[in-house]
2 protein chains.
Amino acid sequence: MHSLTSSQDTEVVNVRRRQQRSADTRERILAAAFEEFAERGFEATSTRSIAASAGVQHPLVTHHFESKEGLWKVVLTTVQANFVEYYGRYVHGEKHEDDVEELRRLQEAYIRFTAAFPNYSRLIFHMGSRPGPLLDWLLESQAKTYFRSLTQLIKSAQAQGRYVEGDPTHLQYLFIGCVTRIFMQWAEAERVMGKSLASETFVEQHVKLCLDLFFRDPPAAASAPAKKARKAAVSRSA
Amino acid sequence: MHSLTSSQDTEVVNVRRRQQRSADTRERILAAAFEEFAERGFEATSTRSIAASAGVQHPLVTHHFESKEGLWKVVLTTVQANFVEYYGRYVHGEKHEDDVEELRRLQEAYIRFTAAFPNYSRLIFHMGSRPGPLLDWLLESQAKTYFRSLTQLIKSAQAQGRYVEGDPTHLQYLFIGCVTRIFMQWAEAERVMGKSLASETFVEQHVKLCLDLFFRDPPAAASAPAKKARKAAVSRSA
DNA sequence: GTCTATATTATGATAGAC
DNA sequence: GTCTATCATAATATAGAC
């Protein structure tokens with residue numbers, strides 16, 4: 001029992017509380033910055049609006065992140081790390097039956113991630129319009145490996161006649177556009193379509209539509225119903 | 001012969017010259033604003049940088065367009081009018097053999113327009129993030145009719161089994177994303193793909209890839225080679 | 001770490017000479 | 001219509017008290 005608190009005890013408690021609060025505000029600023037940067041891009045976002053949206057005073061932004069540019073960098077690397085972590089669970093998960101199934105699950109993961117965090121797509125898109133060393137780094141270390149691993153799978157799937165023909169990298173751009181566009185224009189799309197994009201059923205529809213565009217049924221060894229034939233039809237390991 | 005110029009003559013000539021120069025600067029500002037707004041969006045663009053890029057003094061911007069917001073509106077309506085004019089040539093052109101061919105040519109026109117003027121896509125995209133009466137007007141008067149006319153054609157094509165299944169409006173978003181994304185990230189895409197996006201061959205590839213994703217061969221009344229069967233296979237009018 | 005106050009710069013807009 | 005000079009505001013960033 002600690003009914004008596006020494007001055008040392010209270011000291012320790014206070015330090016912890018302060019550290020906790022500091023970490024809190026840092027996180028709040030980071031989260032708010034993610035939203036604002038994703039919505040408006042870097043230049044059009046002010047550190048004041050970030051601070052206001054985080055419920056803190058604006059000098060705290062530069063105190064915790066050095067500068068607006070520093071905040072931008074931390075937001076980008078953090079968000080990208082989150083994506084890689086989320087996505088890596090699928091990449092390094094259990095071995096799949098074949099390359100096509102693995103590719104399918106990877107792309108499905110990408111679609112669901114996009115639907116769940118549309119601001120990720122917006123932020124990554126805005127990133128492209130800010131050339132500089134950070135963009136180079138993210139492109140080299142992250143995007144390139146993302147493209148490379150998927151390119152292998154796409155080539156394999158194409159060799160089996162189960163993925164649409166064409167340059168794999170080019171196809172990846174088509175796929176990304178397909179998946180993300182409607183979520184990047186969330187408000188407008190909901191008005192035009194007259195339905196919620198957040199609903200379970202819409203996301204399922206979106207997953208199915210996007211995947212069915214790119215995946216093709218195998219070239220019919222037999223003329224069996226396509227869905228059931230899919231798993232049995234292939235037995236290779238690229 | 002006018003070897004002798006009365007004071008009235010020179011007066012007229014000077015007025016014309018001034019009007020010409022005025023119209024010129026107006027156009028230069030408009031063109032520069034189109035580029036800058038497309039690249040960076042409204043908030044992130046300064047009227048000074050527009051003026052600099054147009055090679056004029058910055059007060060001329062407000063003189064010709066009242067305000068930055070006024071310039072934005074003129075840019076949007078002008079660009080949209082250009083698009084509608086370009087696109088209308090295909091819509092109200094010769095009657096096509098059937099709905100599927102008409103739909104195909106419309107979408108092909110959209111792809112080629114996007115490849116030729118990638119900044120159009122960027123501007124329209126930025127437009128969506130500036131809610132207001134102008135957005136409402138453009139959406140109601142332009143986008144809605146664009147969506148509506150295409151929706152009809154898509155339904156017709158789907159009924160013939162020659163277009164991918166799904167909600168037509170939803171499919172339009174997929175298509176737009178497919179077509180525009182790679183051009184909206186022009187610089188990055190050229191680096192990743194290692195080829196020029198402006199080349200004739202790339203545009204042709206892009207047209208083919210995008211169209212082939214959404215158009216499907218007819219459900220094989222006979223098992224004839226699909227390409228040749230296309231024109232003969234249908235005889236309806238939605 | 002957090003707040004108030006402030007320095008500095010960039011921007012949208014205007015005034016007035018030519 | 002065009003230019004120079006200038007105002008008013010908003011933004012990034014910092015200084016200094018607590």
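Numbered from 1 within each chain, the chains take letters A, B, ... in sequence-line order. Keep in mind the model is a prediction, meaning the values are calculated, not measured.
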Atom [atom1] of [X] and atom [atom2] of [N]: how far apart are they, to the nearest Å?
X: Arg16(A); N: dG1(C); atom1: CZ; atom2: C1'; value: 18 Å
X: Arg17(A); N: dT2(C); atom1: CZ; atom2: C1'; value: 17 Å
X: Leu71(B); N: dT11(C); atom1: CG; atom2: P; value: 16 Å

In numerical order, the residues of residues 21-37 of chain A whose heavy atoms come under 4.0 Å of DNA chain C are Arg21(A), Ser22(A), Thr25(A)
Residues at least two apart in sequence or cross-chain that pass salt bridge (charged side-chain N to carboxylate O under 4.0 Å, His left out) with Asp24(A), listed by chain then number, are none
Residues passing the salt bridge (charged side-chain N to carboxylate O under 4.0 Å, His left out) test with Glu69(A), sequence neighbours excluded, are Arg130(A)
Residue pairs passing the side-chain hydrogen bond (donor to acceptor under 3.5 Å, both in side chains) test with at least one member in residues 54-63 of chain B, sequence neighbours excluded, are Arg48(B)-His58(B)
The complete set of side-chain hydrogen bond (donor to acceptor under 3.5 Å, both in side chains) pairs with one or both residues in residues 26-41 of chain A, sequence neighbours excluded, reads Glu35(A)-Asn119(A), Glu36(A)-Arg40(A), Glu36(A)-Ser49(A)
- request: Using a cut-off of strictly less than 4.0 Å, decide whether Gln57(A) has a side-chain nitrogen or oxygen near OP1 or OP2 of dT4(C).
  value: yes
Is Lys144(B) salt-bridged to Asp136(B), going by a charged N under 4.0 Å from an acidic O? no
Protein heavy-atom contacts under 4.0 Å, written 5' to 3' over nucleotides 12-18 of chain C as B (base), S (sugar-phosphate only) or - (none), form the string BBB----
The complete set of salt bridge (Lys or Arg N to Asp or Glu O under 4.0 Å) pairs with one or both residues in residues 107-124 of chain A, sequence neighbours excluded, reads Glu108(A)-Arg112(A), Arg112(A)-Glu204(A)
Sequence neighbours excluded, the answer for side chain to side chain contact (heavy atoms under 4.5 Å, CB included) partners of Ser199(A) is Ser196(A), Thr201(A), Phe202(A)
Residues passing the ring-ring contact (aromatic ring centres under 6.0 Å, His included) test with Tyr120(A), sequence neighbours excluded, are Phe83(A), Phe113(A)
